[in-house]
Structure formats: structure tokens, C-alpha cells
Amino acid sequence: MGNILDGKKLADRIREDVKKEVQALNRIGFDVGLAVLLAGDNPASLQYFQSTLNACKKVGVTAYEFRLPENVTANEILNIVHTINIDERINGLLALMPLPAHINARRIINSIVPEKDVDGLGAISVGRLAADESSFQLFKQNEKDLFQQFRSLSSIWSFLPCTPFGVIRLLEFYDIGIKGKHVVIIGKSLAVGKPLANMFLAKEATVTVCHRETVNLAKFTRQADILCSATGRAGLIRGSMVKNGAVVIDVGINILKDGSIVGDVDFSSVSRKASMITPVPGGVGPVTIAMLLENTVRSAVRNELFKSPLMMG
Ligand code: NAD
């Protein structure tokens with residue numbers, strides 16, 4: 001059976017580090033704040049809202065809750081986002097998806113200033129990742145000259161979306177090489193599949209992206225050294241679709257009729273072929289919230305850092 005990639009273990013490690021950074025900031029008089037906005041009462045979003053608030057509490061991040069009714073107008077949400085954008089106590093904003101159907105979600109996400117877009121889904125953040133200009137890529141290119149990097153980042157700061165960045169961090173945590181590997185991603189959403197493809201490309205992998213119109217999915221999945229599924233289709237990936245020894249990352253979250261939670265991957269058949277595999281729950285999920293906290297504390301550090309005249313880019 002494949003070895004388990006334990007997301008909870010990595011999430012605990014990230015949260016411990018975040019907690020220490022928050023305490024260090026508190027000692028010099030700075031608070032770290034995250035706004036969490038939920039419109040309507042989608043049960044999955046409500047659950048994520050609560051988990052985020054609990055996670056903030058555990059690491060000492062102050063959560064600012066914005067719970068809005070299903071019939072909230074776009075204008076009301078835009079005004080709240082504007083208030084958050086200019087609130088010095090708040091370092092990041094998570095707007096939970098889906099927003100009510102009458103709201104243009106992209107308009108809302110794009111109204112968050114990039115410095116507070118800790119979920120990394122605004123057009124600026126997405127574009128910077130695609131243009132090799134995210135902090136992820138800049139830090140990689142010239143690791144020695146950190147001071148210069150901070151100066152250049154003062155004008156082009158952005159954050160990486162939490163779930164795909166969590167996938168990369170999970171692979172790194174388990175020392176799984178990415179360079180030169182054939183990575184097959186199933187799903188091309190803005191929140192997961194697309195940014196994940198860009199991150200793997202930045203790590204010099206060969207990347208194939210499949211989606212619901214891909215003909216003969218198994219032909220592609222069988223070629224994967226690293227297979228990532230993010231579709232929301234329970235049981236989509238079966239053992240026969242996976243190469244022996246592949247690393248399998250299951251991003252999918254599906255709630256079955258009996259209330260149990262499974263991923264996209266048929267765990268029992270795939271784990272017999274895979275060398276390493278993420279469980280659901282307990283794989284990518286816990287890392288996602290930990291990455292949100294990490295992005296928020298990075299935003300707080302950056303905000304304080306760039307108040308220093310030395311750093312003005
Ligand atoms: P989405 O609906 O925006 O995108 C789904 C993608 O899967 C699409 O690109 C679609 O083309 C593809 N797809 C759907 N059916 C397919 C099929 N039969 N064959 C091949 N491709 C298919 O969803 P999303 O926001 O990207 O989320 C995907 C899944 O990941 C969901 O289950 C979601 O709950 C989960 N998710 C988990 C986390 C986490 O923290 N673990 C975070 C975000 C999303």
C-alpha cells in the first residue's frame with residue numbers, strides 16, 4: 001500500500017511557525033488580522049468559515065467576521081471590501097465562495113487590494129503567478145540577495161492561492177522531487193488546477209492539464225509520475241488509471257449521501273498502485289487553511305516592513 005502524505009502533520013508544523021511569528025509581531029506591538037466574509041448560508045462555506053475562525057484563534061490571529069444575508073447586494077459587499085482594504089488592522093481578506101448567484105464573484109475578488117488578497121485569487125495575483133512574477137518565483141530566482149528582493153517586491157507583492165500552494169508544500173515536506181517529473185492535473189479551475197499547473201511549471205515539471213472534455217482521461221493519468229485530481233467527482237480515479245509507483249494527490253472533497261467525506265480518488269484500488277497518496281480527509285484540506293494563515297502573517301510582516309523608509313521601493 002502507498003505511504004500516506006499526512007497533511008495534518010504539515011499543517012500542524014505550519015501553524016506552529018505562524019503562531020511564533022504572530023507572537024513575535026505582538027511583542028513589538030503589532031496585531032495580525034484576517035477578515036472572513038461569508039454571504040448566504042451554503043453549508044460547506046459555513047463549515048469553512050467556522051474552521052477558519054477556529055484556526056485564527058489557535059495561532060493568535062484576530063479574525064474579523066463579516067456574515068451577510070443571501071440577499072446582500074453587490075454594492076454592499078463592495079463597500080465592505082473597500083472598508084477592509086483601508087483598515088490598517090486587517091492584513092488579509094478571505095471571501096468565501098460561492099457567493100450568492102446574483103453576485104459577480106470575480107468583481108468582488110478583484111476589488112480586494114493585492115496586498116490583502118491572501119487567498120491569491122484576484123486577477124493581479126493570478127496574473128503575477130502566470131507571468132513568473134509571484135513571490136514564489138522571485139524568491140526562487142535569486143535567493144542570496146534577499147534585501148534586493150524585498151525592494152522589488154514592494155511594488156509587485158502578491159500571494160499564492162492556498163490549495164495549490166499547499167500541494168507543492170506537501171510534496172516538498174515529503175522530499176518528493178518535482179523537477180523533470182511528468183505531472184498530470186485533472187481540473188482547470190482558477191482556484192486549483194490552473195495555478196497548480198503554473199506552480200509545477202515554475203518547478204520545472206512537465207505538465208499535462210486534463211478537464212471534463214478530455215477524451216480518454218486514463219491515457220493521460222497512466223503517464224503521470226505525480227497525479228493531482230481536483231474535480232469534485234467521487235471515484236473518478238481508479239487503480240487501473242494509475243502508473244505503478246506514482247504519487248497521487250487528491251484535492252477533491254465530496255460529501256456522500258451518508259455524510260461521509262471522500263476525494264476524487266478510489267483510495268483502496270489506487271493506494272495499491274501509488275507509492276504515496278493523500279487521504280481525504282486529512283490530506284490537502286488541512287494544509288489549505290494553514291497556508292491561508294501563513295499568507296496572512298506574511299502580509300502583516302510585509303505591511304510593517306514597508307512602513308520602514310529603508311524599504312520604500
Ligand atoms: P470546479 O468545479 O471549479 O472545477 C472542477 C474541474 O474539474 C473543472 O475544470 C472540470 O473541467 C473538471 N472536471 C469535472 N468533471 C470531470 C471529469 N469527469 N473528468 C475530468 N475533469 C473533470 O472545482 P474546484 O473549485 O477546482 O474544486 C475541485 C474539487 O476540489 C472540489 O471537490 C472541491 O471541493 C475541492 N477543493 C478542495 C480544497 C481543499 O482544501 N482540499 C480546496 C478547494 C477545492
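One-based numbering, in listed order, for ligands and for the atoms of each.
Contacts of I186 with ligand 1, taken as heavy-atom pairs under 4.0 Å, involve the side chain alone. Contacts between V287 and ligand 1 below 4.0 angstrom, taking non-hydrogen atoms only, are absent altogether. At a heavy-atom cutoff of 4.0 Å, ligand 1 is contacted by the side chain of T288 but not by its backbone. When heavy-atom distances to ligand 1 are checked against a 4.0 Å cut-off, T163 comes that close only through its side chain, counted from C-beta outward. The part of R233 lying near ligand 1 is the side chain, judged by heavy-atom distances below 4.0 Å.
Within 4.0 Å of atom 40 (O) of ligand 1, at least one protein heavy atom is present.
Under a 4.0 Å N-O distance rule, the pair K203/E172 qualifies as a salt bridge. Salt-bridge check for K8 with D6: failed, with every basic side-chain N at 4.0 Å or more from each acidic carboxylate O.
Considering backbone and side-chain N/O of D264, none are found under 3.5 Å from N/O of ligand 1.
The closest approach between a heavy atom of G285 and any atom of ligand 1 is below 4.0 Å. Under a 4.0 angstrom heavy-atom cut-off, C210 registers as lying outside contact with ligand 1.
Between Y48 and the choices L96, L38, L53, the side-chain contact (heavy atoms from CB on, under 4.5 Å) rule is met once, by L96.
Considering only non-hydrogen atoms, atom 9 (O) of ligand 1 lies nearest to K188 out of M97, K188, M291. With P161, A230, A234 as candidates, the residue nearest to atom 28 (C) of ligand 1 on a non-hydrogen basis is A230.
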